[in-house]
Amino acid sequence: MLEVTFNIVTGEVTTIPDEPHHLKLSQTHRLTSDELAKLRQFIISKRLEIGLKTPTLSTTEATQHVVAQLQHFVKQKQQRAPKWHQMCYGWCVIVLMFAIPIFLAYHLSGWLESTVFSPFIDMLSRAQWVQHAWIQHILFEDYGMLSLGTYSFVWALPVVVFISISTALLDHSGLKQYVVWSIEPSMRRIGLNGTDIVPVLEGFGCNAAAVSQASHCSQCTKARCMSLIGFGTSCSYQIGATLSVFNTAHVSGLFVPYLLLVFLGGVIHNRLWYHSDTTFNIAPPYRQTSLRSPFTFAFVKQVISSIHMFLTQAMPIFLGICFAVSLLSFTTLLDVLAKVFAPILHLLQLPTELATGIFFSMIRKDGILLLNTGHGTLIQSLTPMQLLMVVFLASTITSCSVTMTMILRQLGGKLAGKMILKQMVTSVGIVFVLFGMMKLWYVLITLI
């Protein structure tokens with residue numbers, strides 16, 4: 001039987017025959033969740049004989065009526081759709097909500113480390129009561145609870161504070177609604193809905209909380225959203241840790257390329273493993289709301305809650321990691337641990353001593369701070385590209401253990417296991433691509 005296709009994006013329709021035929025919609029996958037919801041309402045309110053996903057048997061007169069109504073809908077949709085400059089505004093808000101806090105946190109942390117904490121720890125290490133060898137080792141040596149543990153407080157806490165304030169401002173000012181609406185067309189290009197940006201943004205605070213929020217994403221984008229959070233969003237602890245590592249290695253300029261690489265890696269990862277589904281669930285539309293003052297009790301409560309979580313959960317765990325590693329350094333277990341990652345590190349021509357930081361970053365993302373061991377002498381010996389590869393690998397080889405546990409709860413053991421394994425493959429693959437680019441660059445420089 002003949003078929004007539006109506007393009008719901010452009011309003012174009014194929015030739016309508018003078019005999020019974022099937023009428024179907026095309027390009028519905030290019031509509032936003034808001035537009036899909038409105039289309040469904042429109043079809044019901046106008047009592048149009050057409051299905052969203054399946055062709056409908058129709059006559060010439062019925063098709064002409066349906067087409068006329070749908071063309072009116074397309075014109076309305078085009079008027080409501082975000083324009084390119086509004087899309088730019090939405091992405092600018094997202095960039096600024098992280099750029100400004102990170103900029104402030106970086107300078108505050110640098111000042112605190114050089115002016116307050118480093119002199120204090122040096123003075124404390126010379127105190128008479130800490131001169132026992134084992135106390136010096138546990139508190140002040142390479143993995144010392146004070147020499148290394150304070151990096152978490154100095155570098156992660158300011159990031160947590162400023163990003164918590166930034167996120168709360170977005171939540172309580174009404175800007176989030178505008179951002180979701182304005183960026184949805186671009187989000188669809190990476191296989192997500194605009195509403196999925198909400199848990200992705202939450203991921204820059206805490207990945208585990210964001211995965212829990214992602215459980216409310218539409219069913220067909222839930223796994224892709226969780227995957228992007230686990231791979232492509234750097235939580236505030238991870239941001240603080242990487243800021244510290246790059247600062248200790250005296251290559252702070254690597255931080256922006258690193259963030260872009262992590263997010264781009266997440267997009268590539270989703271494209272490789274999670275293809276866009278032809279089916280869809282219609283999510284409730286996000287409405288644009290007017291701006292309002294964010295400074296409410298709920299705003300203060302949200303910020304305090306984030307800081308409280310860091311001080312009572314994240315900070316003690318990292319200090320516990322430092323204590324455990326300082327004790328393990330008395331044994332040969334760290335050497336055994338290094339052998340687990342030795343094949344990869346050897347192929348990448350990187351020191352196997354970096355394995356400890358990579359391993360503990362799989363437990364907590366601020367475990368990346370262990371790369372600062374020995375006051376950064378090891379990472380200072382690396383080239384910028386080598387350091388970028390190491391930090392990227394430590395950041396993305398898996399999510400932290402808490403996030404992986406949340407994914408396990410949301411998706412079940414089989415799907416969660418596959419997701420973690422796929423992330424490992426993508427992470428290692430991207431690092432080897434970077435390694436190949438580095439080698440190619442060296443060859444080109446030699447030839448020139």
Side-chain angles (χ1 to χ4, degrees), residues 151 203 207 227-235 237-249 251-270 272-273 318 321 325 334-373 376 378-401 403-404 419-441:
Y151 277 111
N207 281 184
S227 176
L228 183 60
I229 291 168
F231 195 113
T233 60
S234 301
C235 71
Y237 309 147
Q238 181 178 326
I239 289 173
T242 50
L243 276 173
S244 173
V245 168
F246 290 137
N247 180 73
T248 302
V251 283
S252 302
L254 278 181
F255 182 72
V256 173
Y258 159 79
L259 273 187
L260 293 175
L261 181 63
V262 169
F263 185 76
L264 180 61
V267 173
I268 293 171
H269 173 68
N270 270 24
L272 285 174
W273 299 105
F318 182 73
I321 288 175
V325 177
L334 292 182
D335 295 330
V336 174
L337 176 62
K339 292 178 181 178
V340 175
F341 294 96
I344 295 176
L345 294 174
H346 276 310
L347 287 173
L348 295 171
Q349 299 177 0
L350 294 170
T352 55
E353 293 87 347
L354 297 168
T356 307
I358 296 173
F359 175 80
F360 280 97
S361 71
M362 297 168 67
I363 299 175
R364 283 195 58 84
K365 283 305 162 190
D366 44 10
I368 296 171
L369 286 167
L370 294 180
L371 297 175
N372 285 336
T373 180
L378 183 59
I379 56 176
Q380 288 168 12
S381 67
L382 304 177
T383 65
M385 180 60 85
Q386 286 179 316
L387 182 60
L388 184 62
M389 289 191 298
V390 170
V391 176
F392 177 84
L393 184 63
S395 302
T396 61
I397 192 165
T398 65
S399 306
C400 71
S401 58
T403 303
M404 286 190 282
M419 181 178 290
I420 293 167
L421 183 60
K422 288 174 181 177
Q423 180 166 334
M424 286 182 175
V425 171
T426 306
S427 176
V428 174
I430 290 176
V431 169
F432 274 103
V433 169
L434 291 175
F435 178 71
M437 291 171 60
M438 181 182 70
K439 287 300 180 183
L440 179 61
W441 174 254

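The chain is numbered in sequence order, starting from 1.
The distance from the OG atom of Ser361 to the CD1 atom of Ile397 is 7.5 Å, given to the nearest 0.5 Å. From Phe360, atom CZ reaches atom CD1 of Ile368 across 13.5 Å, with rounding to the nearest 0.5 Å. Rounding to the nearest 0.5 Å places CE of Met362 at 12.5 Å from OG of Ser395. Atom CG of Leu388 sits about 11.0 Å away from atom CD of Gln386, to the nearest 0.5 Å. Expressed to the nearest 0.5 Å, how far CG of Leu354 lies from CG of Leu382 amounts to 6.0 Å.
Thr396 is linked by a side chain to side chain donor-acceptor pair (under 3.5 Å) to Ser427, counting only residues two or more places apart in sequence or in another chain. In terms of the side-chain contact (heavy atoms from CB on, under 4.5 Å) criterion, residue partners of Ile420 (sequence neighbours excluded) are, by chain and number, Thr398, Met404, Met424. Take Ser244 and apply the side chain to side chain donor-acceptor pair (under 3.5 Å) test, not counting sequence neighbours, and it matches Asn372. With sequence neighbours left out, Lys439 forms a side chain to side chain donor-acceptor pair (under 3.5 Å) with Gln349. In this structure, Ser381 has no side chain to side chain donor-acceptor pair (under 3.5 Å) partners at least two apart in sequence or on a different chain. When the side-chain contact (heavy atoms from CB on, under 4.5 Å) test is applied to Pro384, the partners found at least two apart in sequence or on another chain are Val251, Leu254.
Considering only heavy atoms from C-beta on, Val391 comes within 4.5 Å of Phe246 through its side chain. Side-chain contact between Thr373 and Glu353: absent, with no pair of heavy atoms (C-beta onward) separated by less than 4.5 Å. The side-chain heavy atoms of Gln423 and Ser227, taken from C-beta on, include no pair separated by under 4.5 Å. Put simply, the side chain of Val425 reaches to within 4.5 Å of the side chain of Trp273, judged on heavy atoms. Between Pro351 and Leu345, the closest side-chain pair of non-hydrogen atoms is not below 4.5 Å. With contacts defined as side-chain heavy-atom distances shorter than 4.5 Å, the pair Leu347/Phe432 qualifies.
Smallest separation of non-hydrogen atoms from Thr242 and Ile239: OG1-O, 3.0 Å. Residues Leu371 and Ile379 come closest through the heavy atom pair O-CG2, 3.4 Å.
Aromatic rings of Tyr258 and Phe392 (six-membered ring for Trp) have centroids beyond the 6.0 Å cut-off, not under it.
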Audit row: Leu259, Phe263, side chain to side chain contact (heavy atoms under 4.5 Å, CB included) steps and yes/no | CA-CA 6 Å; Leu259 273 187; Phe263 185 76; over 6 Å; no

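Looking at Leu260, Leu243, Val245 one by one, the single match for side chain to side chain contact (heavy atoms under 4.5 Å, CB included) with Phe255 turns out to be Leu243.
Listed for the Gln380 side chain is a donor-acceptor partner under 3.5 Å among the backbone atoms of Thr248. In terms of modelled atom types and a separation under 3.5 Å, the side chain of Lys365 and the main chain of Ala394 share a donor-acceptor contact. The main-chain N or O of Lys422 is found under 3.5 Å from a side-chain atom of Thr426 such that the two form a donor-acceptor pair.
The aromatic rings of His269 and Phe231 lie parallel to each other, with less than 30° between the two planes, well short of the 60° mark.
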